[in-house]
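Let me begin by presenting the structure, written as structure tokens, before commenting on it.
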Amino acid sequence: METTPWFYERPVSEVRPGDHGLLGYADSEERDRIVGPYVQAGLATAEKVVYITDEPAESLPGLRRCSFDLAKLKSSRQLRVLSRRDACLSRSGAFEPGKLADTLHREKESAFGEGFRAVRVTMDSTWLMSQPGGSDAMLSCEDRLDQAISPSTMAMGICQVDVRRTGARQLSALRESHEVLMRVDAEFDDGILTIRRIYGPFGLQLRGELDASRHSHLSEHLLRAMGSRSGDIHLNVAELDFIDIGGLNLLAQHAAALPHGGSLILDHLRPDVENVITMVGWNRLPRLRPGARAGGAAS
């Protein structure tokens, strides 16, 4: 029996006050394509951005090589780049959940008086998750952050974590402590077909219907994906309701053009879509092959 996920998958452009989101990123491109727009959207409006990190502002997603006057933003307190020691570490360097919650509360409370309509907070917690006891400490902190953010009409937050350096149990627990999972914005969406970049595995997610009038859009985004990575490209088609024969031919053509012997892999095929593909015959579609099924196993 199918179950409906209790969490929301939110594109970053739709983040809103009260969202306490989790970004489990599979590589730096995915992180940058979510955190970058999140930060820039806040700075482009009357919103305060609080970034907790030991990295310099100029190296952060959304701030490197940007057109913003970072010095001016810092002096106006619209941009607050806080070190981990100042935001959440004790004098001995230990993580203090209570201090992080206090930091968020202080920045949120001061924002209104400073003239900002909302506060955007983000921190990468990968460093903490890899420490002994760090996972439990982070989960304890998440409860406090959720209490501060979720009921708020002016605060929103994105907790970042590198899934490659996080255990499966840790990641599952983190997901259960967040009602919102952050996703990159769709690269194409006309109400009939949605195309979104995915990571881990790398590729595209297709949702809706793929007919002749939308072949060129899929081709464009497939070529971009193929040009940015070598090896296999995955297409998550769990929510692809229809694909015509021309669309299958298009996929086969792009699969044959993949460099370095890679394949175009269709993950989570729906039975009705798989029936169409079966009629065509997998053996007649070189380097286009089925991948993971709904249960997670590859065929």
Side-chain angles (χ1 to χ4, degrees), residues 7-8 10 12 15-25 31 34-43 45-57 60-63 73-129 131 133-161 173-182:
F7 53 79
Y8 299 97
R10 187 97 74 209
V12 63
V15 69
R16 63 193 68 171
D19 280 349
H20 175 211
L22 174 67
L23 165 57
Y25 61 88
R31 179 201 63 202
I34 292 178
V35 179
Y38 173 76
V39 168
Q40 290 195 348
L43 295 179
T45 59
E47 295 180 352
K48 182 177 184 177
V49 174
V50 179
Y51 204 127
I52 299 171
T53 179
D54 286 343
E55 300 297 321
L60 300 175
L63 299 181
L73 290 170
K74 288 180 180 179
S75 65
S76 69
R77 294 178 62 86
Q78 184 175 7
L79 174 63
R80 298 276 288 154
V81 180
L82 304 178
S83 69
R84 296 199 296 248
R85 179 169 294 278
D86 289 341
C88 60
L89 299 184
S90 67
R91 291 183 178 180
S92 64
F95 177 70
E96 289 190 340
K99 184 175 180 180
L100 179 56
D102 289 343
T103 297
L104 173 58
H105 180 75
R106 182 177 63 251
E107 295 294 337
K108 185 178 69 170
E109 290 300 306
S110 65
F112 183 78
E114 294 164 345
F116 304 114
R117 66 179 187 181
V119 181
R120 296 179 179 232
V121 182
T122 189
M123 181 179 79
D124 194 321
S125 303
T126 307
W127 61 276
L128 177 60
M129 300 296 288
Q131 294 181 2
S135 178
D136 291 339
M138 194 64 225
L139 289 172
S140 171
C141 181
E142 293 295 353
D143 289 339
R144 300 189 189 194
L145 295 182
D146 193 63
Q147 292 170 14
I149 293 175
S150 293
S152 176
T153 59
M154 66 178 300
M156 61 202 90
I158 294 181
C159 301
Q160 309 170 40
V161 64
L174 274 177
R175 284 177 172 166
E176 291 192 9
S177 68
H178 294 79
E179 291 189 359
V180 178
L181 302 185
M182 304 307 306

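Positions are given from 1 along the sequence.
Taking the side chain as every heavy atom from C-beta outward, Leu104 and Ile149 approach each other to under 4.5 Å. Side-chain contact between Val161 and Met138 is absent, with no heavy atoms from C-beta onward closer than 4.5 Å. In this structure, Tyr51 and Tyr38 have side chains that are not in contact, with every pair of non-hydrogen atoms separated by 4.5 Å or more. Considering only heavy atoms from C-beta on, Gln160 stays 4.5 Å or farther from Met182 through its side chain. Counting heavy atoms from C-beta outward, Leu82 and Glu107 have side chains that approach closer than 4.5 Å. Using a 4.5 Å heavy-atom threshold, the side chains of Leu63 and Leu79 count as touching. Annotation: side chain of Leu89 is in contact with side chain of Phe95 (closest heavy-atom distance under 4.5 Å). Side-chain contact between Leu60 and Val35 is absent, with no heavy-atom pair separated by less than 4.5 Å.
When atom types are taken as modelled, the side chain of Lys48 and the backbone of Ser110 share no donor-acceptor pair closer than 3.5 angstrom. Counting only distance, with no hydrogens or angles, the side chain of Ser140 and the backbone of Asp136 share no donor-acceptor pair below 3.5 Å. Listed for the Asp124 side chain is no donor-acceptor partner under 3.5 Å among the backbone atoms of Thr53. In this structure, Thr45 contributes its side chain and Gly42 its backbone to a donor-acceptor pair below 3.5 Å. Although no hydrogens or angles enter the test, the distance criterion places no donor-acceptor pair under 3.5 Å between the side chain of Arg120 and the main chain of Val50.
When all heavy atoms of Arg31 and Leu23 are compared, the pair lying nearest together is CA-CD2, 4.1 Å. The heavy-atom pair separating Met154 from Arg117 by the smallest distance is CB-O, 3.6 Å. In terms of heavy-atom proximity, Pro151 sits nearest to Asp146 at CD-O, 3.6 Å. Among all heavy-atom pairs drawn from His20 and Cys159, the shortest one is NE2-SG, 3.5 Å. Contact record, Ile52 with Ser83: CG2-O, 4.4 Å, taken as the closest heavy-atom pair. Closest heavy-atom contact between Glu96 and Ser90: OE2-CB, 3.2 Å.
Legend: residues meeting side-chain hydrogen bond (donor to acceptor under 3.5 Å, both in side chains) with Gln78, ordered by chain and number and at least two apart, are absent.
Taking CE from Met156 and CZ from Arg10, the interatomic distance works out to 11.0 Å, rounded to the nearest 0.5 Å. Taken to the nearest 0.5 Å, the CD1 atom of Ile158 stands 12.5 Å off from the OH atom of Tyr25. Atom-to-atom distance recorded for Arg85:CZ and Lys99:NZ is 7.5 Å, nearest 0.5 angstrom.
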Should Met129 and Leu174 be marked as a side-chain contact (heavy atoms from CB on, under 4.5 Å) after you check the CA-CA gap, both sets of side-chain angles, and the distance that decides it? CA-CA 10 Å; Met129 300 296 288; Leu174 274 177; 3.6 Å; yes
Which is it for Glu179 and Ser150 under the side-chain contact (heavy atoms from CB on, under 4.5 Å) test, yes or no, and what are the steps along the way? CA-CA 9 Å; Glu179 291 189 359; Ser150 293; 5.6 Å; no
Could you go through Leu22 and Glu142, starting from their C-alpha distance and side-chain angles, then the distance that decides it, and tell me whether this counts as side-chain contact (heavy atoms from CB on, under 4.5 Å)? CA-CA 10 Å; Leu22 174 67; Glu142 293 295 353; 5.8 Å; no
With side-chain hydrogen bond (donor to acceptor under 3.5 Å, both in side chains) as the criterion, how do Tyr8 and Asp19 come out once you've worked through the C-alpha distance, each side chain's angles and the decisive distance to 0.1 Å? CA-CA 10 Å; Tyr8 299 97; Asp19 280 349; over 6 Å; no
